[in-house]
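Single-structure report; data block below.
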Amino acid sequence: MDDDTRVPQPVRGGKGWRDPGPRDVTRDRENPDLLVPPVTDAGTLPNMRFSFADAHTRIEQGGWTREITQRELPIATELSGVDMALEPGAYRELHWHKQSEWAYVLSGSCRISAVDQEGRNFVDDVRAGDLWFFPQGVPHHIQALDEGVEFLLVFDDGAFSENGTFLISDWFAHTPRDVLAKNFGWAPELLDRLPEREKYIFAGQVPPSLDQDRVISPTGNVPSTFSHRMLTQQPQRFPGGTVRIADVANFAAATTICAALVEIDPGGLREMHWHPNDDEWQYYISGQGRMGVFGSTGVARTFDFRAGDVGYVPFAYGHYIENLGPEPLVYLEMFRKPRFADISLTQWMANTPAEVVADTLNLPREVIAGLPRDKRPVVR
């Protein structure tokens with residue numbers, strides 16, 4: 001075992017005492033603000049962090065998937081998430097959901113397709129940094145291209161489970177074959193090799209070129225594209241990092257989920273703020289940092305995050321996110337709303353008469369008057 005100088009201990013400012021074990025030292029190192037909370041933490045707040053590394057993995061022929069729902073993170077009532085990967089050519093089979101599906105491609109590439117209620121269709125290839133959005137009830141499929149793919153799925157229901165999707169193979173397996181033959185006008189003997197159960201994820205061949213795969217529908221294409229190139233957006237640049245926002249203003253199809261891709265430079269801070277319209281669901285892509293959350297009534301708590309973690313902030317709770325590592329901290333903020341909105345603590349203070357803020361906080365008026373009046377989401 002490591003010597004005591006390398007093992008973190010629940011000791012701060014002369015308080016506490018060493019923990020001789022049994023204990024998980026690796027976990028304590030990963031969550032220093034749980035083992036030794038900042039002195040500003042107070043009271044009890046629900047857990048607002050869960051890692052995909054702690055989620056159950058479903059392994060199939062051609063890929064795997066794991067999810068974080070309200071079951072794993074009870075505070076997360078508004079949104080849930082799925083981490084999924086497919087080998088080259090593998091399918092996430094034809095299916096649909098009661099919930100809308102928002103996605104971010106983490107690595108690799110895949111082909112996606114959908115057909116809406118008017119028979120209008122959509123097909124596209126998406127790569128790392130691209131988004132897609134399929135409205136509730138709209139059937140779709142995903143197939144990995146020649147490098148394979150990993151992507152994050154987000155659903156507008158905290159209780160949603162990816163295991164509860166409507167699958168075409170599952171429906172066929174539970175429909176009498178004479179009914180299927182009658183419905184499609186097929187000879188019954190064609191149905192002898194139908195799957196006996198859902199396929200969900202299964203191996204396949206890398207699809208042909210996008211042009212070869214296009215189907216011309218008599219009713220045309222979907223009116224708004226279901227994909228969006230988030231990384232091609234010009235980012236908003238600030239002294240401490242960058243922000244890209246994707247909502248109905250630039251991704252019209254995504255009517256129930258919006259997102260911000262935030263990159264915080266080493267030593268930078270996603271400023272103190274809150275969201276006036278909904279809860280926030282987070283996914284950490286790279287780097288490491290911590291989030292401080294203020295829940296009113298003198299209650300506050302700090303959580304540590306690294307790549308693969310999910311965070312959650314309830315509606316209107318004040319919070320900040322700080323990069324504590326040597327590399328950029330990159331993460332997604334997602335909301336069950338069509339438009340992104342946040343309120344900057346600094347901007348609020350700067351656009352309020354200086355004497356009001358100064359008198360409240362016992363600060364010189366000139367300090368308050370010197371605050372920037374424009375919003376700066378990421379600061380040094």
Side-chain angles (χ1 to χ4, degrees), residues 1-55 68 72-76 240-241 262-275 279-333 345-346 361-362 377-380:
M1 185 174 178
D2 293 333
D3 61 72
D4 284 345
T5 61
R6 297 180 58 195
V7 176
Q9 298 292 347
V11 176
R12 182 188 63 210
K15 296 181 179 180
W17 193 58
R18 68 181 180 87
D19 180 357
R23 60 186 292 199
D24 188 333
V25 176
T26 299
R27 287 289 199 193
D28 286 339
R29 288 195 179 112
E30 290 177 349
N31 298 283
D33 291 294
L34 293 182
L35 181 68
V36 185
V39 294
T40 48
D41 278 16
T44 302
L45 281 175
N47 177 47
M48 298 179 194
R49 174 197 167 276
F50 194 90
S51 176
F52 271 113
D54 294 324
I68 296 178
E72 289 78 21
L73 189 58
I75 190 69
V262 181
E263 182 170 324
I264 306 173
D265 295 336
L269 184 78
R270 173 69 169 98
E271 68 161 344
M272 298 171 72
H273 69 284
W274 68 94
H275 300 279
D279 297 0
E280 175 181 338
W281 197 94
Q282 304 164 343
Y283 177 76
Y284 288 81
I285 297 172
S286 62
Q288 63 184 56
R290 67 176 180 176
M291 175 173 69
V293 181
F294 170 63
S296 77
T297 65
V299 175
R301 188 173 173 186
T302 306
F303 301 88
D304 298 286
F305 292 94
R306 60 189 61 236
D309 288 350
V310 167
Y312 197 85
V313 185
F315 162 64
Y317 278 35
H319 56 287
Y320 65 85
I321 297 164
E322 184 179 14
N323 185 349
L324 299 179
E327 304 296 334
L329 176 62
V330 183
Y331 74 99
L332 288 160
E333 301 177 0
L345 176 60
T346 300
L361 298 177
N362 297 334
V378 188
V379 298
R380 279 198 181 134

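- Under the side chain to side chain contact (heavy atoms under 4.5 Å, CB included) test applied with F303, the options H319, R290, M48 reduce to a single match, M48.
- Taking CD of E271 as the start and OH of Y320 as the end, the distance is 14.0 Å to the nearest 0.5 Å.
- Taken from CE in M272 to CD in E322, the straight-line distance is 11.5 Å, to the nearest 0.5 Å.
- Of all heavy-atom pairs between V378 and V262, the closest is CG2-CG1, 4.1 Å.
- Among W281, Y284, F305, the single residue meeting the ring pair (Phe, Tyr, Trp, His ring centres under 6.0 Å) criterion with Y331 is Y284.
- Counting heavy atoms from C-beta outward, V310 and E72 have side chains that stay 4.5 Å or more apart.
- Of the possible polar contacts, one joining the N323 side chain to the D265 backbone as a donor-acceptor pair under 3.5 Å is found.
- With hydrogens and angles ignored, the 3.5 Å screen pairs no side-chain donor or acceptor of D33 with any backbone N or O of D304.
- Judged by distance alone, the side chain of Q9 and the main-chain N or O of D19 form a donor-acceptor pair under 3.5 Å.
- Within 6.0 Å of CZ in R380 there are 12 or fewer heavy atoms belonging to other residues, nucleotides or ligands.
- Checking side-chain atoms of D309 against main-chain N and O of F50 turns up no donor-acceptor pair under 3.5 Å.
- Without hydrogens or angle criteria, D24 side chain to R27 main chain gives a donor-acceptor distance under 3.5 Å.
- P38 is not listed as a side-chain neighbour of R12, based on a closest heavy-atom distance of 4.5 Å or more.
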- Task: Check the pair R23 / D28 against side-chain contact (heavy atoms from CB on, under 4.5 Å), numbers first and verdict last.
- Result: CA-CA 8 Å; R23 60 186 292 199; D28 286 339; 2.7 Å; yes
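- Atom CG of residue N31 and atom OG1 of residue T302 lie 11.5 Å apart, to the nearest 0.5 angstrom.
- For T40 against A300, the heavy-atom pair with the smallest separation is O-CB, 3.9 Å.
- Proximity of F52 to Y283: side-chain heavy atoms (C-beta onward) are separated by under 4.5 Å at one or more points.
- Side-chain atoms of S286 and V330, non-hydrogen and from C-beta on, do get closer than 4.5 Å to each other.
- In this structure, OG1 on T44 lies 8.0 Å from CZ on R301, to the nearest 0.5 angstrom.
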- Item | Worked check of side-chain contact (heavy atoms from CB on, under 4.5 Å) between R49 and N47 | CA-CA 6 Å; R49 174 197 167 276; N47 177 47; 4.1 Å; yes
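- Residues R306 and E30 come closest through the heavy atom pair NH2-CA, 3.6 Å.
- Contact record, P266 with P326: CG-O, 3.3 Å, taken as the closest heavy-atom pair.
- Closest of all the heavy-atom pairs between A42 and G298 is CB-O, 3.4 Å.
- Remark: R270 CZ to Q282 CD distance equals 9.5 Å, nearest 0.5 Å.
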- Task: Starting from the C-alpha separation in whole Å, work towards a yes-or-no answer on side-chain contact (heavy atoms from CB on, under 4.5 Å) for Y317 and L45.
- Result: CA-CA 11 Å; Y317 278 35; L45 281 175; 3.8 Å; yes
